[in-house]
Trainee: 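Sharing a structure, written as structure tokens. Questions coming.
Below, read A as the first sequence line, B as the second, and so on, with proteins coming before strands; counting in each chain starts at 1.
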There are 2 protein chains.
Amino acid sequence: MPRAGLAPAAVIEAGAALADEVGLDNLTMGLLAERVGVRTPSLYKHVDSLDALRRGIGMRAKAEFAVALARAAVGQSGAAAVHAFADAYRAWTLEHPGRYAATVRAPEPGDEEDRQVSDESIQILFDVLTGLGLPESRAIDAARALRSSLHGFASLEAGGAFGLDRDVTESYHFMVDALIAGFTAP
Amino acid sequence: MPRAGLAPAAVIEAGAALADEVGLDNLTMGLLAERVGVRTPSLYKHVDSLDALRRGIGMRAKAEFAVALARAAVGQSGAAAVHAFADAYRAWTLEHPGRYAATVRAPEPGDEEDRQVSDESIQILFDVLTGLGLPESRAIDAARALRSSLHGFASLEAGGAFGLDRDVTESYHFMVDALIAGFTAP
DNA sequence: CTCTCTGGCTAATGCGGTTAGCTTATAGCT
DNA sequence: AGCTATAAGCTAACCGCATTAGCCAGAGAG
């Protein structure tokens, strides 16, 4: 009987791809096993549990997401950097809905590895916002506001909550513009 | 053997309360059955399925949420109305996390009853925003933006994503202020 | 070539949702 | 009050999915 030649990283990667296709909530050990050409129990030789699989997908996704965000914002400054960041944010979530859902889970308390990866995107967000010239005391507020808005928009869009005909991309740009204007207002 | 005297509405209500306690995702037929003092299969005399239960909780919650929002905003106008709306939004979600999670699910296509209840909150949101004197063409954009931001904030806060010490309520007010300023900016 | 380690498999457990089919409390009628 | 039909509850059973136990063989190290 030939081996499938799996490795934990390959299982996580396949899981991430599958999550994008069927949704993180519908990701099942049986489905993933079929995808990688193996029987369900064999997966446990590579991942500890379904929960561990989700954590692995989440950490991998957080790292990929941070790279995409950084690449988009690099070389830009001020409002343009914020827009580039926001556009990359939305594009990535639309392209990788399953991965994105996995990135939303906050790390378990004490999970240093996860916390570190999670902080990467936050750091980029901070860097982008400091380019707006915000006073130090408002940086955290602005970061929370922008993150909430982008996440909420992505979450609602993915859930099909924007029924009206009006162009969704335009609404997105309007929101980001409004936030930038509000951040830098007197 | 005495009857428990259940009714569908009572089951939904108990389910909503239980969802607030354990989280919508952890709401189980067995748990709810125990709560209402009945064996699991007996629940099916009152609700068609777990999914139907969630729909019922969602519709009930949407109606309650709309009432809370309307009550908060009534009699106010302009920015004050928006703040009252936003504060009521956050307070309600913190108080009813399970119910709130149930309100997020978009209605199934063709589910008129659900769609109608879902539209109530949206309508209140529109009414509050028109008080800002927005041009008609921007009303939808602003509604989407505010909803996204409030939902995203609530969602992240519930998920424990705001780790830093900085006061969360202040960040929330900052976000709402920024949006209002941005909406009404030139 | 052999030994060991490890990935893969089958069988089995347990939980959660759901269905089938029986039993009887209770409402409504006479 | 007695009779009956309906419907609420119950037990038994099924199915899907996560997970564990224990066996077997492929592949690399020597």
Trainee: Between atom CG in B/Asp48 and atom P in C/dT18, what is the gap in whole Å?
Mentor: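 It is 10 Å, rounded to the nearest whole Å.
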Trainee: State which of D/dA18, C/dT10, D/dA12 makes the closest approach to the side chain of B/Pro41.
Mentor: D/dA12
Trainee: Mind calculating the distance between CZ (B/Arg39) and P (D/dT11) to the nearest angstrom?
Mentor: 5 Å
Trainee: Between P on C/dG16 and CG on B/Asp51, what's the gap in Å once rounded to a whole number?
Mentor: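 Interatomic distance, CG of B/Asp51 to P of C/dG16: 18 Å.
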Trainee: Under 4.0 Å from OP1 or OP2 of D/dA8: is there any side-chain N or O of B/Ser42 that close?
Mentor: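 No, outside the criterion.
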Trainee: With rounding to the nearest 0.5 Å, note down the distance linking CG in A/Leu134 to CZ in A/Phe183.
Mentor: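 A/Leu134 atom CG to A/Phe183 atom CZ measures 7.5 Å (nearest 0.5 Å).
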Trainee: Between B/Asn26 (CG) and C/dG17 (C1'), how many Å, whole number?
Mentor: 16 Å
Trainee: Can you tell me the distance, in whole Å, between the CG atom of B/Leu32 and the P atom of C/dG16?
Mentor: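 One finds 14 Å between P of C/dG16 and CG of B/Leu32, rounded.
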Trainee: From the set D/dT19, D/dC10, C/dT18, return the single nucleotide nearest to any side-chain atom of A/Thr40.
Mentor: D/dT19
Trainee: Side chains of A/Asp141 and B/His173: is there a donor and an acceptor less than 3.5 Å apart?
Mentor: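 Judged by distance alone, the side chains do not pair up.
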Trainee: How many whole angstroms separate atom CG of A/Asp25 from atom P of D/dG16?
Mentor: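 Interatomic distance, CG of A/Asp25 to P of D/dG16: 20 Å.
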Trainee: Just how far, in rounded Å, is P of C/dG7 from CG of A/Leu43?
Mentor: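 My rounded result for the distance is 13 Å.
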Trainee: Could you work out which one of C/dT18, D/dG22, D/dA8 sits closest to the side chain of A/Lys45?
Mentor: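 Nearest nucleotide to the side chain: D/dG22.
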Trainee: With a 4.0 Å cut-off, would you call A/Glu120 and A/Lys62 a salt bridge?
Mentor: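 No.
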Trainee: Side chains of B/Thr169 and B/Arg90: any donor to acceptor distance under 3.5 Å?
Mentor: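 Short answer, yes.
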Trainee: Is the closest basic N to carboxylate O distance between A/Glu113 and A/Arg60 below 4.0 Å?
Mentor: no
Trainee: Between C/dC15 atom P and A/Leu50 atom CG, what is the distance in whole Å?
Mentor: 18 Å
Trainee: Using a cut-off of strictly less than 4.0 Å, decide whether B/His46 has a side-chain nitrogen or oxygen near OP1 or OP2 of D/dG9.
Mentor: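 Affirmative; the distance criterion is met.
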Trainee: Of the candidate nucleotides C/dC9, D/dT19, C/dT18, which contains the atom at the shortest distance from the side chain of B/Tyr44?
Mentor: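 It is C/dT18.
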Trainee: I want to verify a distance call: between D/dA8, C/dG8, D/dC17, whose nearest atom is closest to the A/Thr28 side chain?
Mentor: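 Side chain of A/Thr28 sits closest to D/dC17.
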